[in-house]
Structures are given as structure tokens and as C-alpha cells.
Amino acid sequence: MTKHIFVTGGVVSSLGKGLTSASIGTILERRGLKVRMQKLDPYINVDPGTMSPFQHGEVYVLDDGSETDLDLGHYERFTNSPLTKDSNYTTGRIYQTVINNERDGKYLGGTVQVVPHITDEIKSSVLRLAGPDVDLVITELGGTVGDIESLPFLEAIRQIPLDIGRQNCLFIHLTLVPYLKAARELKTKPTQHSVQQLRQIGIQPDILIIRCERELGRENAEKIALFCNLEKRAVVEEVDKEFSIYEVPLGFVQTGLDQLVVEKLGLQAGPCDMKDWEEVIRRVKNPKHDISIAVVGKYIEHRDAYKSIYEALDHAGLAYSSRINVKRIEAEELEQGDPNTLLAGVDGILVPGGFGKRGIEGKIRAVQHARTNNIPYFGICLGMQVAVIEYARNVIGLTGANSTEFAADTLHPVICILEEQREITEKGGTMRRGAHPCLLEADSKAAEAYGTDQISERHRHRYEFNDAYRQQFLAAGMSLAGTSPDKKLVEMIELPGHPWFVAAQFHPEFKSKPNKAHPLFASFIGAALARLKGRSTLTAGHGI
Ligand code: GLN
């Protein structure tokens, strides 16, 4: 029988509920349990695919092409839970299903209501993840208790124990205990109120995880337990971590959270093995080198807009026991500013994915700077497209070459929408998304990094390398290092004469883990470190 954990949040948003849920997943998986992760988002958008990175951070893409909340990135980095379109539901998607059912006459003329129709749909979205090979489903509820839009979700998870048995469900509530400087005290009242609000709805949390700047102390924990109707040991603290988010699961193991959950749910679990995570943290705390990487983008001031890129860079750094110092560069500034100044002292340059014209010329200048100064360059999605445009203009001599995304009437559309893509767009699908296979040239840097010539990576884009220019690029020395199995689509490019110039039409950052750096990121950081050390090659294992 699959058991269910529900993680809710109280007091304030941005408490790191995704990280906390993912970390709970880590420690239970490390006890040999098969875990599935899920996020319910109370906003009305059907999925985050259309939301601005400025508002909502990055859109996290799954193998099946689903565009999901960035918390699912934490789930994949922290656990091995397979994620699909069933791993992320929003209010919009739930209502869309119910409304479609209503239009199809499935409710036989009945009045369609929030309770039971919406709540039933939420319940089935949660219970869908249960199965014979699943010990535990961890469902994180976005938003904060007390939000109007969270209510149907809270009502649905209140009902689930009635359907499957209270002993099979565990409610974990994450709250904040703020420290008031003036009073020199930690304050527990907001937590008490937040739990009161949950209990009004009919949910008595089983475990409270308390976020706090400094140690909670036994006295406060006991007070919270008493006022919130909990056992003392069920008040678990999560003090801010000094070095890395990857410390959170280790902190939980120290507080005994894994054992508490196992006991409360009556699970059969093995001992907890966190050795590789301990090694990750050991490396985080003792970096041997500092590597400077410029990330040139247009959502630079928003920390979460390139979340998976930054994480993947950190993971690759750890593969070399190094700390990555990201220099975030606003692409528009490179349009006027001098690249020699703005990019001075960096060991590698990365241009990530993106949409729209703003900053494009700055990104192209960043590529040119990397290419002509032999600085390792890693282009991802749009970062590959600008590398193609730069080469067309400055090496092949195709003046004004561009992507039709930025100049519909360019004389040299080296990046454009291919016929097969046009069909997808016209059918209402918007992009080429999800996992696609790719074949690598045997002697490419990519094949060397992956250790294989057949890979599968995730895509999310409309535009492609224009096949009509293939011969010109080859003749000018660019290697089309990766293609679709039918050879029609160019998925990777490399410059053989350059120390490390590799770009991909896909998004490798979605498949990197702290204990298993992505091969391309690891290879890029290896090249950056080699440059830093003034040597030509360096290799390291990707795994820890
Ligand atoms: N805007 C480009 C396209 O649609 C690149 C997309 C991306 O970088 N994810 O093809």
C-alpha cells in the first residue's frame, strides 16, 4: 500500500518548501524506499510554460515535454523519483479537466461544484501516483495556508485520509519562527496561528518543520508542541544553512526526521546511507580552486530564472572540488560595453536559453569574444543559435545573418523554423519539447564527455539550425557534432580548433545532479579549470 506525505507551508512564502520536500524525499529514498514527488500549484495558469521568468523563475522541462514548476528541478536533483505530467498540477489544469468533463456531459446534468467535483479531481491527481512499486508519494502544496486559492487543495488533502486511512497519511507543515532583534527573541506565535488555521480546515499536522535563522532550542520546541497539539519530537528545526542547499537532507538526518517519518507511517525501511551527500558537502566546504564563469543572459537579476544552469555549474565544480563564481552579465550591457572589460578574467563563458530579441547582439559579442580569445564557450539552446549566427557573420562572411526569430526578413536565416516545426506550431502546440535522441560524432568533445555517441536530452524551442547552410558551416570548419538520428536536425556544434567551444540545441542543465554532474557541464568546467591553470587538458570523474 502506497503511503502519502503532504507538505504544506505557513506564515510566509519563500520558505523553501520545494527544497524541504525534495530533502524529505532524499532521506527516505536513502532508506531504501521508492518515492514519487509531486507539486500542486494553486495558481490559475494551466502550467508555468507561459509565465515570465521574471515572475516565476525558470520553466523546468521534463522528459515527456511537460513544462513545470522549478521545484520539480529540486525533486530531480535530490531524488530519483521519475517525473511526468502527473507530477505537477495547477488549479487551472484541474478546472480545465472538470470543465471539459462537464461539456462532455459526464456529470449527467448534476450541478458541478468545488466540493466534490474539483476536490475529487485533485484527489485523483494525487492518488494517481500511487502504485505497487511506490512506497511513498510526497505531495507539496504550493502557496501558504490561509490563501484563498489554496482552499480546495487543502480540503482535498483533508479528505484523502478518509478514503485511504489516516495511518497511511502524514501531514508535514513548514513554518517560520522569526527572530526579533529588538526583543532578542525567537517568536513562535505566527507558527501557532498557522497551525490553528490548518486545524480549522480539519488538518492536524503530524510534524512541524520550523525554519529559523538560529537554533530553536528545546524550550521553544516544547512550547510549539504544546500549543500546536504535537508530540515534542515532532517539532523539527531547519536552521538556515551556511554553505549549500545540499546540506538540508543531512541536517534532517541529524534531527532524526527520517526515523520519525518511518515510524509514524509504519514503513519498512533500511539504514540511511548518505555517504555521497556527505562527500558533496565536504567538497562544497573545501574548494581547491575558484573558477569564474560568465553567464550572459537577459534575466540576470532574477536568481531563479537560470536556476538549473547555476546548479549544474555548481555540480560540475564539485566534480573538480572547485567553487564556481558566476559572473552574471546582462546581455544588453555587452551591446555597448567593451567585452574585454566586462568579460575580463573569466575562465569560461556560458550563454543560456532565452526568447526574444532583447540582448541578442550582446550575446553574439560574448560568443565572438570567447571564440577569438580561446575562452571555453558553452552555448545552450539560444546559446547555440547565437554561436551559429556569430560564425555565419564573422567567419563565413554572411553579412546580417540572423535567426528569423529576431529578423524575419534576414538575407541569411541561419536559424529558422523548419517545415516540420511549422506544422507543430500550427497545430496549437508551441514548441519542440521534451526528450529527443541525438547521435554524436565519434571524435567530438561531446562524445568524449558523455562516453557514448548516443544520448537523449530535453528540448524546449521553436527555431532550428537551417539545413540549407550546412555545407557552408562544414566548409568553414565548424563541426556539426550532434544530429537527430535521421540526421535532419543539427543538435550540437563544436569548433575543433578551439580549446572548448561546444553548444547544444537542448538543455543539458535539467539532468545534472550534485553527486553526478552532467557530462557536458563537467567537461566545460574541466576546460575552464585547465585555462585557469594554464594547462591544456584536465579530466575528472563526473560522479561522487
Ligand atoms: N528562442 C529560441 C527558440 O525558440 C531558443 C529557445 C531556448 O533557448 N529555449 O528556438
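Reckoned from all heavy atoms, side chains included, excluding hydrogens, waters and symmetry mates. Quick caveat: nothing in here was measured; it's all calculated off a predicted structure. Counting convention: from 1, in listed order, for ligands and their atoms alike.
The local environment of NZ in Lys327 is crowded, with over 12 non-hydrogen atoms from other residues, nucleotides or ligands closer than 6.0 Å. Taking a 6.0 Å sphere around CD of Glu149, one finds it holds more than 12 heavy atoms contributed by other residues, nucleotides or ligands.
If you check the side chains of Glu491 and Ser484, you find no donor sitting under 3.5 Å from an acceptor. In the model, Asp86 has a side-chain atom that pairs as donor or acceptor with a side-chain atom of Tyr89 under 3.5 Å. A donor and an acceptor atom, one from each side chain of Lys357 and Asn402, are nowhere located under 3.5 Å apart.
With respect to Leu313, the side-chain contact (heavy atoms from CB on, under 4.5 Å) criterion is satisfied by exactly one of Leu318, Leu350, Asn325, Ile291: Leu350.
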Table of N or O contacts for ligand 1, cutoff 3.5 Å:
unit_1, atom_1, unit_2, atom_2, d
ligand 1, 1 (N), Gly354, O, 2.9
ligand 1, 1 (N), Glu405, OE1, 2.7
ligand 1, 1 (N), Glu405, OE2, 3.1
ligand 1, 4 (O), Arg462, N, 3.0
ligand 1, 8 (O), Gly354, N, 2.9
ligand 1, 8 (O), Gly354, O, 3.4
ligand 1, 8 (O), Leu382, N, 3.0
ligand 1, 9 (N), Arg460, O, 2.9
ligand 1, 9 (N), His507, NE2, 3.2
ligand 1, 10 (O), Gln385, NE2, 3.0
ligand 1, 10 (O), Arg462, N, 3.2
ligand 1, 10 (O), Tyr463, N, 2.8

